[in-house]
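The structure appears right after this line, and notes come after that.
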Amino acid sequence: MSKKLFLLDALALIYRAYYALIRNPRITSKGMNTNAQFGFTNTLFDLINKEKPTHLAVCFDTHAPTERHTDFTDYKANRQEAPEDLLASIPDIQRIIRAFNIPVVEMDGYEADDVIGTVAWQAADKGYEVYMVTPDKDYGQLLIHPHVYIYKPPSFGNPEEILTAEKVCARWDIQRVQQVVDMLGMMGDAVDNIPGIPGVGEKTAAKLLKEYDTLENVLEHADQIKGALGEKIRNNKELAIMSKKLATIITNVPVEFHEEDYRLKEWNKEALTEIFTELEFKTLGKRVLGENFNAFHSPQQATQTDLFGNAVAAPAAGKSSGKKTTKKDSSAVPLPDWTAVDATETAAEESGATTETVGLVANKNITNTPHDYELVETDEQIKALVKKLQQQKEICFDTETTGTDPNNVELVGMSFSYKAGEGYYIPCPADQKRTQQLLELVKPLFNEPSITWIGQNIKYDLLVFKWYGIEPKGQLFDTMLAHYLIEPEGRRNMDLLSAQYLGYEPVHIDELIGKKGKNQGTMRDVEIEKVKEYAAEDADITFQLKQVFVPLMKEKEVTSVFETVENPLVRVLTDMEFEGVKIDVEFLKSYSRDLEKDAKKCEESVYDQAGVRFNLASPKQLGEVLFEKLKLDPKAKKTKTGQYATGEDVLLKLANQHRIVDDILSFRELTKLKSTYVDALPEMINPKTGRVHTSYAQAVAVTGRLSSNNPNLQNIPIRTERGREIRKAFIPREEGRLLMSADYSQIELRIVAAISGDPNMCEAFRLGKDIHTATAAKVYGIAESEVTKEQRYKAKSVNFGIIYGQGAFGLADNLGISRTEAKQIIDNYKKEFPNIQRYMDEQINLAKENGYVQTLAGRKRWLKDINSSNFTVRGYAERNAINSPIQGTAADMIKMAMIKVHHEMKQGKWQSKMILQVHDELVFDAVADEVDKLEELIIRCMTTAMPLPNDVPVEAEVGKGVNWLEAH
DNA sequence: ATATTCACG
DNA sequence: ACGTACGTGAATATG
């Protein structure tokens, strides 16, 4: 067998591991971040397992300055100070490497790539296959030697990749790998602060090398190169030469490759056990050291602390009562006993084969929840529990059900917790009569007005209960919403929150009902004892999370928006979802047939014109037909996977070249309407109500908006003739009712005017002007009466662009005008509305200073990339700094209006119902004789819910009709 | 499971 | 030279 040597670029791999896990950091129970340790060890172990190297070494950079630094003081000066967690991880990683008995190679005055390059070539000369393990592309230059390769370890979804000289040449579009340094010499490298030639990037560098082969030759023939490019090259010859030198990896470092030192040896299992225990690598520990490894049989695990270092209720050890304190035995994997198919999968997952993949699961090395959970079954037991719970001020509750659609499930059980570590579970049998009886017993509890009910995504449980006729009277507290305000971009599933904030690993739902997909069971089929453990634990954890989130919200100053907006909205959404909207199925069925017929026509026409039959729904195949067979505009852009892009914007630009384009676009429109709306909506009708009940996600959109799903009723077509038709299918639930729709008018622009305080824009709104016409008049310096349609259209586009932080390029592309004209318009705009520009700058500065921006109601969005050195990444964060407060304030406002409307309608016992929200629109299913009063109520609530500063008026318009289209 | 496209505000 | 306007959800193709 051939000798395989792997050389690891330690620091590069550590950086990569650290950042790969940054959004889901692994934190030990002591609060230490172990991303880098975990990621590096994982990579190392997988590599040994999978690639079976015979020889291996890890290379580090040293602190000593290298020749590159002395030659060029700016070298790597760009590099930000590494995060503290990351630096702290290095000694651990070196210990781990030592415990694996793997040599560390480093050399003062040289960087890891120099050492790796030198050793790689020596080893390859001795007949080794050498793999340099690094994500860094600069190593390409070393592939001159056959038998030397780059090994890119697997990263988030992508498998590992072995780069050969051919692949590197293809990647850079060069002929020989030697040219990698010539490339870098010209295009520079922002990461290492290698300057290169200003204005020359990857594409230009490749073009030059194709013609001149080397950088030196390019410089020699610089006179022949025309235009600005030639000028730049001539002016920067020395910079280019130096850049090439900086990029060149040194391959004569004074190290020698002694084969024996590099051979893989026995691991020091004792040392590994110690380190893994310390770092709390439970599953990884088992993978490396076998099932005997158990990091948590060490004695120091006696106390549990929460985030603030407070002790959390310890397990009731030594109790001699009938209650037991159970602890999951992690060596005996609990398998669902009802399926053999899933057993293998579960086993594989528990062994770590899938669970501990970098970036997927954050922190598994934590303890189970210490607990003492009680099953409450008989009427007497339930009555006793109710009595006990009635004494409490706050109680967490959770429901277990037969499915995920709260409007179409049966209750399987409910759990309660009012004290950390304790929990109660009441099972509800399939016999719905008996379940109703049980619920009558607990009803007094929910009627207690003084109890605060805590839940994670409590809207779900409220809906389930509402179907059984129970509506808790007291206050609510949704931990999911608390976390949404603390960390809007975070993920919020229970397992993750529990691990992150409490350090507990709860029972996974998969362990009870199987993974979704193949024959997933329901809670009903699981042994009651197991459900009890799971359900009570959820209530217990949620109860504890509330105690952590309250101070956290206070610290982050989001308590007010929680109390005045998000938390009160829960009941509003519950009621809206409960009501649902009626759909005219016959209308849709007939419309579906029309669409089908017309789509078919378009499809046939496309095949005729193309001369081939293919799958028109496949962008890939369509791209090939358009650009290869029909040879349309060869400059068509490619998608990131290398396919031809065939999006609407691309196709529209081809429209004048070939008639086929119209048919393709029509086909797209028709099939989209048919599959997404016309055919899908009737399928979503709830058999119990005959209506469609969307679900509003209250903790998904980072700006504070709601989102709608199952089905999404916030994107029902309106912009095209044929799409709009679908709105006719949304009808009142019965005779004698109408649909009513109320829209905010230009709400986001009003918010921009109000919070920027721009005098011209505020004035326009105060005078009730058409804002786009007023804008056009200012921008073009003419009277409003002289503004043409064209000018108004352009001004409208600028107004919207401003909200999103659009630049001249985007505006030009949008309006199909030149960039010069676009720039002219934007410059005028900024001059006429000076405070708008100031607002944008201010938001960016605020984000840079505070790390966040906020809405009028105090909702925050943290922008971690606002100081990034990466132009694109930072630009994205800057646009978010501008847009989020605007979009978010509009979201705050309509949410507050909804709460107000809901409150008044409930007080006034209205028969009409609020049923839908579409960002700036509310839809009502209204009783005919309430319509006039309702109109007044809606407009008043919407316009006064959240007054804007600078006297900018808020306006809303109402429409009504026999369907949603007419209501507009 | 990911990418592409397209529906809405 | 890069990419270029924010926020969503769903259907379809494809690896």
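Treat the numbers as computed from the prediction; the structure is a model and nothing was measured. In the text below, chain A, chain B and the rest are named by the order of the sequence lines, each starting its count at 1.
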Going 5' to 3' through nucleotides 8-14 of chain C, assign each nucleotide B (protein heavy atom under 4.0 Å from a base atom), S (under 4.0 Å only from sugar-phosphate atoms) or - (no protein heavy atom that close). SBBSSSS
Distance in angstrom units between [X] [atom1] and [N] [atom2], rounded:
{"X": "A/His919", "N": "C/dC6", "atom1": "NE2", "atom2": "P", "result": "16 Å"}
{"X": "A/Arg859", "N": "C/dG7", "atom1": "CZ", "atom2": "P", "result": "15 Å"}
{"X": "A/Phe800", "N": "B/dC8", "atom1": "CZ", "atom2": "P", "result": "14 Å"}
{"X": "A/Leu665", "N": "B/dT5", "atom1": "CG", "atom2": "P", "result": "12 Å"}
{"X": "A/Leu713", "N": "B/dC8", "atom1": "CG", "atom2": "P", "result": "14 Å"}
{"X": "A/Asp649", "N": "B/dA7", "atom1": "CG", "atom2": "P", "result": "12 Å"}
{"X": "A/Gln917", "N": "C/dG7", "atom1": "CD", "atom2": "P", "result": "18 Å"}
{"X": "A/Ile716", "N": "B/dC8", "atom1": "CD1", "atom2": "P", "result": "9 Å"}

State whether [X] places a side-chain N or O below 4.0 Å from either non-bridging phosphate oxygen (OP1 or OP2) of [N].
{"X": "A/Tyr876", "N": "C/dG7", "answer": "yes"}
{"X": "A/Arg719", "N": "B/dA7", "answer": "no"}
{"X": "A/Arg861", "N": "C/dG7", "answer": "yes"}
{"X": "A/Arg879", "N": "C/dT4", "answer": "no"}

What nucleic acid atoms does [X] come within less than 4.0 Å of, heavy atoms only: base, sugar-phosphate, or nothing?
{"X": "A/Arg724", "answer": "nothing"}
{"X": "A/Leu811", "answer": "nothing"}
{"X": "A/Tyr744", "answer": "nothing"}
{"X": "A/Glu921", "answer": "nothing"}

Considering residues at least two apart in sequence or located in another chain, which fulfil the salt bridge (charged side-chain N to carboxylate O under 4.0 Å, His left out) criterion with A/Lys653? A/Asp813
Identify every side-chain donor-acceptor pair in residues 797-807 of chain A under 3.5 Å, counting partners at least two apart or on other chains, and give the distances.
unit_1, atom_1, unit_2, atom_2, d
A/Ser797, OG, A/Asn814, ND2, 3.3
A/Asn799, OD1, A/Tyr829, OH, 2.7
A/Asn799, ND2, A/His772, ND1, 3.1
A/Asn799, ND2, A/Thr775, OG1, 3.0
A/Gln806, NE2, A/Gly810, O, 3.2

Residues 697-711 of chain A vs salt bridge (Lys or Arg N to Asp or Glu O under 4.0 Å), sequence neighbours excluded, gives A/Arg705-A/Glu748
Which pairs count as salt bridge (Lys or Arg N to Asp or Glu O under 4.0 Å) when at least one residue sits in residues 884-895 of chain A, sequence neighbours excluded? A/Glu566-A/Lys895, A/Arg859-A/Asp892
Pairing of A/Glu725 and A/Lys728 as salt bridge, 4.0 angstrom limit: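 Yes.
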In DNA chain C, stems of three or more consecutive pairs, Watson-Crick or G-U, each with both distances under 3.5 Å, turn out to be B:1-9 with C:6-14
